[in-house]
Amino acid sequence: MDRINIQASSDYDVLIGAGLIDSCGTHIRECLIRAQKALIVSDTNVAPLYLARVKSSLEREGFSVSEFVFEAGEEKKNIESIAGMWAVMAGEEFTRTDIVVSLGGGVATDMGGFAAATFLRGIKVVQIPTSLLAMADAAIGGKTGIDLPQGKNLAGAFHQPSMVIEDTDCLTTLSPETFTEGMAEVIKYAFIMDPELYETLSGIASEGRAMTLQNDIDTVTKILRCCVKDKAEVITEDEHDNGRRQILNYGHTVGHVIERNSNFTLAHGVCVAKGMGIITDACLKAGLTTEETARSIKDLIKAYGLPTEDPITAKDAVSGAMNDKKKRGEKISVILVNEIGKAEIKKMTPEEFTEFLR
Ligand SMILES: NC(=O)c1ccc[n+]([C@@H]2O[C@H](COP(=O)([O-])OP(=O)(O)OC[C@H]3O[C@@H](n4cnc5c(N)ncnc54)[C@H](O)[C@@H]3O)[C@@H](O)[C@H]2O)c1
Ligand SMILES: [Zn+2]
């Protein structure tokens, strides 16, 4: 088992290893000595696979366990789901020392975190991410929230977890499509800050193993460790997204607009991949990167079965981005990769951004 410490406003560990689901209660008990009640938040795909095991591990440590299971998918990442979680916790008379345990993909970890951040003005949360995307990114760093009809993640809170438990065995039950979507965020770290990870990922691709990576959990675990360390470094430097943390939004400014325009029928990771491809084309056209770098970026995305293009117009992308929370005042922070492993945050007016994308 690996243990990676995150130093944010509160310190916590990310545990990574095979089979951790069955010992999660023991690890949770170590860091939350006084907790008596736990609400497990999960979705209809993940609950049948793992909830009973999490529950019995918690019960062995003396927790009294409640459940809130929502219908899987981004559509349920809304206030009704959160209200449902609040109602269970209120009904079970949870106190400030009781906890939420999120079990699932990024939707479950974002919502479990938000329910914990808001119930009784804040109780503790433990994240047990089960998708690659959530293990590499969403479950770490304390960003929690829900979508509004007006846009993704528009309501939320910063609320760091007390522990993150990543059981790599869970990756074997992901659909190949969901695994691939998660690879978009993994590849993102290589581009924005981790040239070594880029070498690893492109090595796997050149050996023709990119599309079967899910069958090689040992290699995935090594890759995951790099992503968690990268995210830990960024969060330690800028927990509240005022500076360097914004580089994690690489591909997301345009990606979020594509995701919303598809009415969330396109997966987050797929849209991020498209967003990275579109920004790369724009960087090349503006002379901000070389042909070689642009080709390397797009080839790696494609090698892992992800798209790099979308028919969205520059005008639609920018007007959508202006509604997105990632804008700061009149300007949009656009994340550029000029060279593999180095990201730059460039503030652009809507007019400049439109011109850049055209
Ligand atoms: N908070 C953050 O910093 C952050 C960062 C990136 C993404 N996100 C959010 O994460 C969400 C996307 O996460 P996601 O892709 O994990 O979506 P998701 O939670 O919808 O999971 C994807 C699918 O995989 C299923 N699944 C998850 N684990 C499984 C397993 N082990 N076996 C079988 N099926 C499994 C889920 O039921 C779902 O159908 C978005 O809402 C995005 O906004 C948040
Ligand atoms: Zn993302």
Side-chain angles (χ1 to χ4, degrees), residues 8 21 41-51 53-54 69-78 81 102-114 117 125 127-147 151-161 164 166-189 192 214 217 220 227 231 234-235 239-241 245-256 258-260 264 266-276 324-326 335:
I21 286 260
V41 169
S42 191
D43 75 22
T44 47
N45 293 336
V46 177
L49 295 169
Y50 302 111
L51 193 143
R53 287 163 62 191
V54 171
V69 177
F70 61 91
E71 202 181 310
E74 185 80 26
E75 299 81 56
K76 292 290 179 218
K77 195 172 141 182
N78 60 32
S81 299
S102 321
L103 172 71
V107 173
T109 58
D110 274 13
M111 285 209 291
F114 186 52
V125 62
Q127 303 289 23
I128 308 185
T130 60
S131 71
L132 179 60
L133 186 146
M135 290 189 197
D137 194 354
I140 311 160
K143 276 196 187 176
T144 74
I146 53 169
D147 302 331
K152 257 183 77 77
N153 300 328
L154 283 183
F158 283 100
H159 190 58
Q160 298 295 340
V164 182
E166 309 201 336
D167 183 343
T168 48
D169 284 345
C170 293
L171 296 169
T172 59
T173 58
L174 279 177
S175 70
E177 295 76 34
T178 311
F179 183 86
T180 295
E181 287 151 29
M183 281 307 295
E185 304 275 6
V186 168
I187 293 171
K188 175 188 79 178
Y189 287 107
I192 59 173
Q214 190 180 4
I217 292 298
V220 178
C227 298
K231 184 139 189 188
V234 172
I235 290 159
E239 181 176 349
H240 294 112
D241 213 0
R245 187 169 180 165
Q246 292 173 42
I247 67 172
L248 297 172
N249 293 333
Y250 181 53
H252 283 61
T253 312
V254 175
H256 274 163
I258 297 171
E259 191 177 358
R260 193 167 64 242
F264 300 108
L266 286 175
H268 180 73
V270 168
C271 298
V272 170
K274 286 169 175 257
M276 292 192 290
D324 198 275
K325 69 173 168 39
K326 259 123 214 166
I335 316 306

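By convention here, the first residue in the shown sequence is residue 1. When a ligand or atom number is given, it counts from 1 through the structure's own listing order. Quick note: numbers below take in every heavy atom, side chains included, and nothing from hydrogens, waters or symmetry partners.
On a distance-only criterion, E185 and ligand 1 share no N/O pair closer than 3.5 Å.
Judged by distance alone, the side chains of E181 and H268 never bring a donor and an acceptor atom under 3.5 Å apart. Y50 and T173 share a donor-acceptor pair across their side chains, judged by distance under 3.5 Å alone.
Under 4.0 Å from ligand 1, the heavy atoms of N153 that appear belong solely to its side chain. Contacts between L133 and ligand 1, counted as non-hydrogen atom pairs separated by less than 4.0 Å, involve the side chain only. At a heavy-atom cutoff of 4.0 Å, ligand 1 is contacted by the side chain of D43 but not by its backbone. The part of K231 lying near ligand 1 is the side chain, judged by heavy-atom distances below 4.0 Å. Residue-level proximity to ligand 1 for L171 is absent, since no heavy atom of it falls below 4.0 angstrom. When non-hydrogen atoms are compared, ligand 1 lies under 4.0 Å from the side chain of T178 (C-beta onward) but not from its backbone.
Contact between E181 and ligand 1 is absent, with no heavy atom of the residue lying under 4.0 Å from the ligand.
Every side chain to side chain contact (heavy atoms under 4.5 Å, CB included) that D43 has, sequence neighbours left out, goes to N45, V46, F70, A72.
Annotation: protein N, O or S atoms under 2.8 Å of the Zn ion (ligand 2) (waters excluded) comprise E185 OE2, H252 NE2, H268 NE2.
Closest of all the heavy-atom pairs between L132 and V220 is CD1-CG1, 4.2 Å.
Of all the listed residues (G182, G105, G156, G113), G105 holds the heavy atom that lies closest to atom 21 (O) of ligand 1. Nearest residue to atom 16 (O) of ligand 1 from S102, S131, A72, A47 is S131 (criterion: closest heavy atom).
For the pair D137 and C227, the minimum side-chain heavy-atom distance is 4.5 Å or more.
The distance from atom SG of C271 to atom CE of M276, rounded to the nearest 0.5 Å, is 11.5 Å. Summarising the geometry, atom NE2 belonging to H252 is positioned 10.5 Å from atom CD1 belonging to I335; distances are rounded to the nearest 0.5 Å.
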